[in-house]
Amino acid sequence: MFNIKRNFYGKLIFLLVFIFVVQSFSACSSKNSNNNNNETNDGENTTSADSSAETTEQAISDDVPELNFNGETVSILYRDYMQYEVTAEAENGDVINDAVYRRNAKIEDRFNIKFNMISTKGAWDYKDDFENKVKNSVSAGDNEFEIIDGYAAYILELTFGGYLNNWKDIPYIGFDKPWWNQNFINEMTINGKLYFLTGDLALSTIWESNALFFNKVMWQNYGFENPYNMVKAGKWTLDNMAQITRQVSKDLNGDGKFDESDLYGYVTDTYNQVDAYTIALDAPVTAKGNDGLPQFIIDQPRYTEAFTKLYDFMRGDVSTFAGNKQPTSTDIYSMYRPMFQNQQALILAEYLGNSSQMRGFDFDFGILPFPKYDENQAEYKTMPQNGYTMFCTPVTIQNPEKIGAVTEAMAAESYKTVLPAFYDVALKTKYARDDESAEMIDIIRDGISFNFGIEYAFTIGGSNNWRGLVTDKNSNITSWVDKNLPKLQLGLEKVLAIYEQ
């Protein structure tokens, strides 16, 4: 679930910067012949984003008063590959880099503070080092870090040991503001305690959101129903997607077996892209009871039936290639993308931000949200990969007022200026090849959702194991639940005990 090397991120961000810098010198950029009218030039895109940001800024205030912290520093510990979220050394013409740079400069001027950005390795392989860095700092009382940009799956372990502040006790945080994810706050607030925050300050929640990419040429050649219309009509369900993908399979090399050399309706890995379906199919691990405390519901019909439906899709037909290999290369998300690039797949499950690496494909592709369980499900739901950023603050901070004011102002400014640069310019305009895909990105982002039991899966002890069952080709979800639920319940009780103190 977590043995992933994230060293590729530096290369990915460099690629993103390179694309923007090169294209900024073009008067306009053209698309394939089917999409000639869908992309404007960079100057127009930037103006549009800036105008939108100005309108938003006028409408919504962060409600933080004017404060002067007399040149104090604000130290932020961040994972090295997440630099694009937190800091920029100078303006360089890249719209995201420049928006982050201007955001930070504005915050420094507004509060008379100076950021001290502390980079450290923080990918999954370095989880112990990252956590120990925080623990040792708190134990020493050195106040080395005041805001922490943490890897969601493992940073939650810091709930134990009394290392973190309750954000609810930090002044100026506007929990109901649009720059904080409201679903996250509702899920992760227990007994008035909220140790972590995420939202538009964490661009990774969007970059690492799970999405589907489809080959538009292949789709049209098969004569399938317009997928955008299916999504907008609420008919993009797992069953309907399976009905389509099961019509696409071919033993291309004629060797009598299906492997990575053949044609499929759907290609994916059996790790993060399987996890995403627990949220997409609205099959949460926990739900809050009347006492406001999360309780397991994995023994309920919806959870087991949703898994069974997914398992039948992943393993029940040769039209789906669900590769068991965990990505370990420097570009960890490329393992199954080459099959899509070679036009061996109708649909690829990927991360939304990785559309940046598909711009050179010589065929048109579109973007779709993950499907719903059925048409009765109210909305499409999106799960960010569990390496997205959660922000926390250690108990050693000496000036909660400063940390609250700066964090809130940074989040608000990200919502107003950084997010438009990243979202509207980078994703919706540059990487989406048609207007409908841009609309789908809106649906994907609006559906970003969280679940207490899923977020705490690693800390609790593996509370969600769809990926393990699919990888092992084991469809017996009921047996797994019966065997593991007592152990998981003990893990959940240990976590909740911290929130009940």
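Worth knowing before you read on, the calculation uses all heavy atoms, side chains too, and leaves out hydrogens, waters and symmetry mates. Count residues from 1 along the sequence.
Between Lys177 and Asp63, the closest side-chain pair of non-hydrogen atoms falls below 4.5 Å. Side-chain contact between Ile76 and Ile118: absent, with no pair of heavy atoms (C-beta onward) separated by less than 4.5 Å. Residues Phe196 and Leu156 have side chains in contact (heavy-atom distance under 4.5 Å, counting atoms from C-beta outward). Counting heavy atoms from C-beta on, the side chains of Gln341 and Phe365 never come closer than 4.5 Å.
In this structure, the side-chain hydrogen bond (donor to acceptor under 3.5 Å, both in side chains) partners of Glu408, at least two apart in sequence or on a different chain, are Trp179, Trp180. Considering only residues two or more places apart in sequence or on other chains, Lys372 meets the salt bridge (charged side-chain N to carboxylate O under 4.0 Å, His left out) condition with none of them. In this view, Glu146 and Lys402 satisfy the salt bridge (charged side-chain N to carboxylate O under 4.0 Å, His left out) rule, not counting sequence neighbours. Applying the salt bridge (charged side-chain N to carboxylate O under 4.0 Å, His left out) rule to Glu66 yields the partners Arg110; only residues at least two apart in sequence or on another chain are considered. Asp109 is linked by a side-chain hydrogen bond (donor to acceptor under 3.5 Å, both in side chains) to nothing, counting only residues two or more places apart in sequence or in another chain. Among residues two or more places apart in sequence or in another chain, the side-chain hydrogen bond (donor to acceptor under 3.5 Å, both in side chains) test is passed with Lys193 by none. For Gln83, the side chain to side chain contact (heavy atoms under 4.5 Å, CB included) partners at least two apart in sequence or on another chain are Tyr78, Thr87. Scored by the side-chain hydrogen bond (donor to acceptor under 3.5 Å, both in side chains) test, Asn136 finds no partners at all (sequence neighbours excluded). Annotation: salt bridge (charged side-chain N to carboxylate O under 4.0 Å, His left out) contacts of Asp446 (sequence neighbours excluded): none. Not counting sequence neighbours, the partners of Asn191 by the side chain to side chain contact (heavy atoms under 4.5 Å, CB included) test are Leu293, Glu500.
Between the side chains of Arg103 and Ser414, at least one donor N or O sits under 3.5 Å from an acceptor N or O.
Contact check on Lys127 versus Glu157 returns no salt bridge, with no Lys/Arg side-chain nitrogen under 4.0 Å from an Asp/Glu carboxylate oxygen.
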Show every donor-acceptor pair shorter than 3.5 Å between a side-chain atom in residues 278-286 and any protein atom, with sequence neighbours excluded, or say none if there are none.
{"from": "Thr278", "atom 1": "OG1", "to": "Asp275", "atom 2": "O", "distance (Å)": "2.7"}
{"from": "Thr286", "atom 1": "OG1", "to": "Asn451", "atom 2": "OD1", "distance (Å)": "3.4"}
{"from": "Thr286", "atom 1": "OG1", "to": "Gly453", "atom 2": "N", "distance (Å)": "2.9"}

Report, one line per pair, each donor and acceptor closer than 3.5 Å where one atom sits in a side chain of residues 167-174; sequence neighbours left out.
{"from": "Trp167", "atom 1": "NE1", "to": "Phe391", "atom 2": "O", "distance (Å)": "3.1"}
{"from": "Tyr172", "atom 1": "OH", "to": "Glu401", "atom 2": "OE2", "distance (Å)": "2.7"}

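Within a 6.0 Å sphere centred on NZ of Lys114, other residues, nucleotides and ligands contribute 12 heavy atoms or fewer. More than 12 non-hydrogen atoms from other residues, nucleotides or ligands lie less than 6.0 angstrom from NZ of Lys428.
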**Asked** Which is it for Ile444 and Ile367 under the side-chain contact (heavy atoms from CB on, under 4.5 Å) test, yes or no, and what are the steps along the way?
**Response** CA-CA 10 Å; Ile444 292 167; Ile367 301 174; 3.9 Å; yes
